[in-house]
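Contents: one structure, followed by commentary.
Both ligands and their constituent atoms are indexed starting at 1 by order of listing. In this chain, numbering begins with 1 at the start of the sequence shown.
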Amino acid sequence: MAKNDKTSQDELKSSIWGGRFSSGPSQLMQDINASISYDKRLYRQDIAGSKAHASMLAAVKIISNDDCHAIHSGLDQIASEIEAGDFVFSEALEDIHMNIESRLAELIGEPARRLHTARSRNDQVATDFKLWVRDLLDSIDHALADMQGALLDKAEAHADLLMPGFTHLQTAQPVTFGFHLMAYVEMLGRDRGRFADARRRLNESPLGAAALAGTSFPTDRHMTATALGFDRPAANAMDAVSDRDFALEFLASAAICSVHLSRFAEELVIWSSDRFGFIALSDAFTTGSSIMPQKRNPDAAELVRAKPGRIIGALTGLLIVLKGLPLAYGKDMQEDKEGVFDAADALGIALAATTGMIHDMTPQPDAMLAALTTGFPTATDLADYMVRELGMPFREAHHASGAIVAEAAAKGLDLEEMSLDALQAIEPRIKPDIIGLLSVASAAAARTSFGGTAPDEVRARIADARQRFAIQ
Ligand code: ARG
């Protein structure tokens, strides 16, 4: 089993920063200082960064090609050990950078000690963390595109399905289920835009900034930037090691995205409730109760609804860590990772579970139609008719339509069920051509304005969204 044994740990500690120390840190110092329990998640990025750095050092002849080869093969072996679960992580070695460097020294000896030339853990950790967040942003984009695809498919299948649209959670106007789902396709599109923006600004390499001021060695930061897929090296070494904007931008975008998912989750909870019954969720995304045999609880949706708690918390937490922090690196910045990891995990599972529920949910047309028989969802259509056909000013038409609604409510009728006589008793200019216009289907079909709920318009916007978001 690969090990960072005690002797080599002590040796490395003293060789890394122990020169002026006569004894080791207290246990408490180690406990508060160590980040290995969580920053081990950066191992792949740490190894990629070190390989790029070693290749650059060899290219500019700061180390020999033989040393560079030894470093590369040692790092490859460490990657395999970690992936196989054979690597023993040591708290005494603080973090992923020193754990890997220590093991490299065990494996290849002297060349390992040359790797840290013209580099500091300050630029190393900034590089590792950026690479990790960049991979994360790419996987989030895929997950969001998958969710958009699931919504587009459902929306297409139900572009004609009528349901009430709500404002204030009160019945407002008839819409279609497909139309409602398409609102989320747009929200997720803006989320993807925010993550893509964050990725663009993130993509400058901190590597080679060294501790804070650059280095006196003839390094080539452009070379390492290119090798790691960055667009360019970060232009100011002090900024490069102090910057955590990329983490903040991920968290801010994640916070907004999680709020979108939470709004959708709340709609799923409402729609699947006994009172609404607009959708059914299957056994796959619900749980039972330990005491009430009849229950089917939308736990997955409720958990998605709750995830912004963590994610907004992580954003707030990191903003507070960085607020007032003087340049350049301060150990405070080690507190940047756990919140990001936790937010990434929370967003990842929320995205996957929500996409699962979108595939899984079955709309219940009867319940949706039944809900449209209360709340007078076509009252606006009646007012619009009076404007269009009778030339009334909208405010006046609104008033007359309101009076007709009051009369219908008193009679216990839908607007559609009101006789022509009853309508004309309130507004004598109403003509027989009103008949049929007050049904929920004609009300929805009439809303043909760009982005409106008319089924043909919804279908046109679905086709357009597939193009815009490159989703087939
Ligand atoms: N574990 C540290 C972190 O995550 C690495 C950087 C340490 N740098 C230092 N100057 N002590 O921030």
Side-chain angles (χ1 to χ4, degrees), residues 4 9 12-21 24-26 28-50 52-53 78 82 87 89-104 115-136 202 205-215 224 228 234 236-248 250-251 314 317-344:
N4 280 311
Q9 283 174 22
L12 188 90
K13 270 301 243 227
S14 56
S15 71
I16 281 182
W17 51 256
R20 65 167 294 183
F21 288 76
S26 71
L28 262 176
M29 180 63 220
Q30 277 191 29
D31 291 348
I32 194 171
N33 207 32
S35 53
I36 187 63
S37 62
Y38 50 88
D39 70 14
K40 58 168 80 144
R41 286 179 76 160
L42 301 176
Y43 81 89
R44 213 177 287 124
Q45 291 75 16
D46 195 71
I47 287 170
S50 287
H53 185 66
I78 291 171
I82 295 176
F87 191 95
F89 292 100
S90 154
E91 289 277 323
L93 288 165
E94 272 184 54
D95 57 25
I96 188 63
H97 324 295
M98 296 214 274
N99 268 267
I100 288 180
E101 197 182 322
S102 164
R103 177 65 184 146
L104 189 64
L115 172 61
H116 213 54
T117 314
R119 183 178 80 170
S120 147
R121 273 188 297 157
N122 298 348
D123 57 332
Q124 195 178 354
V125 72
T127 305
D128 293 3
F129 200 23
K130 271 194 169 185
L131 290 173
W132 193 90
V133 171
R134 193 176 70 186
D135 287 348
L136 171 68
L202 165 150
S205 173
L207 192 56
L212 76 164
T215 176
T224 46
L228 295 169
N236 178 283
M238 187 176 274
D239 174 51
V241 295
S242 314
D243 166 40
R244 292 295 181 273
D245 289 3
F246 61 95
L248 289 176
F250 156 66
L251 289 170
L318 185 55
L319 284 168
I320 294 171
V321 165
L322 294 171
K323 183 208 160 288
L325 195 64
L327 304 190
Y329 179 86
K331 196 66 175 237
D332 315 51
M333 292 169 72
Q334 181 166 287
E335 294 280 316
D336 58 359
K337 287 171 211 66
E338 283 166 292
V340 166
F341 291 155
D342 187 64

Just list the N/O pairs, ligand 1 to protein, that are under 3.5 Å apart, with the distance for each.
residue  : atom   : partner : partner atom : Å
ligand 1 : 1 (N)  : Ser35   : OG           : 3.3
ligand 1 : 1 (N)  : Asp95   : OD2          : 2.9
ligand 1 : 1 (N)  : Gln334  : OE1          : 2.7
ligand 1 : 4 (O)  : Lys337  : NZ           : 2.5
ligand 1 : 8 (N)  : Asn122  : OD1          : 2.9
ligand 1 : 10 (N) : Asn122  : OD1          : 2.9
ligand 1 : 12 (O) : Tyr329  : OH           : 2.4

Check whether Phe89 forms a cation-pi arrangement with Lys40 (NZ or CZ under 6.0 Å from the six-membered ring centre, at most 45° off the ring normal).
yes
Does the side chain of Gln334 come within less than 4.5 Å of Val125's, by heavy atoms?
no
Do Gln45 and Asp135 get their side chains close enough for a donor-acceptor pair, meaning under 3.5 Å?
yes
Which heavy atom of Ala247 sits nearest a heavy atom of Leu318, and at what distance?
CB-CD2, 3.6 Å
Going by ring pair (Phe, Tyr, Trp, His ring centres under 6.0 Å), name the residues that satisfy it together with Phe246, two or more places apart in sequence or in a different chain.
Phe129
How far apart are the C-alpha atoms of Glu94 and Arg121, what are their side-chain angles, what is the distance that settles it, and do they pass the salt bridge (Lys or Arg N to Asp or Glu O under 4.0 Å) test?
CA-CA 12 Å; Glu94 272 184 54; Arg121 273 188 297 157; 3.0 Å; yes
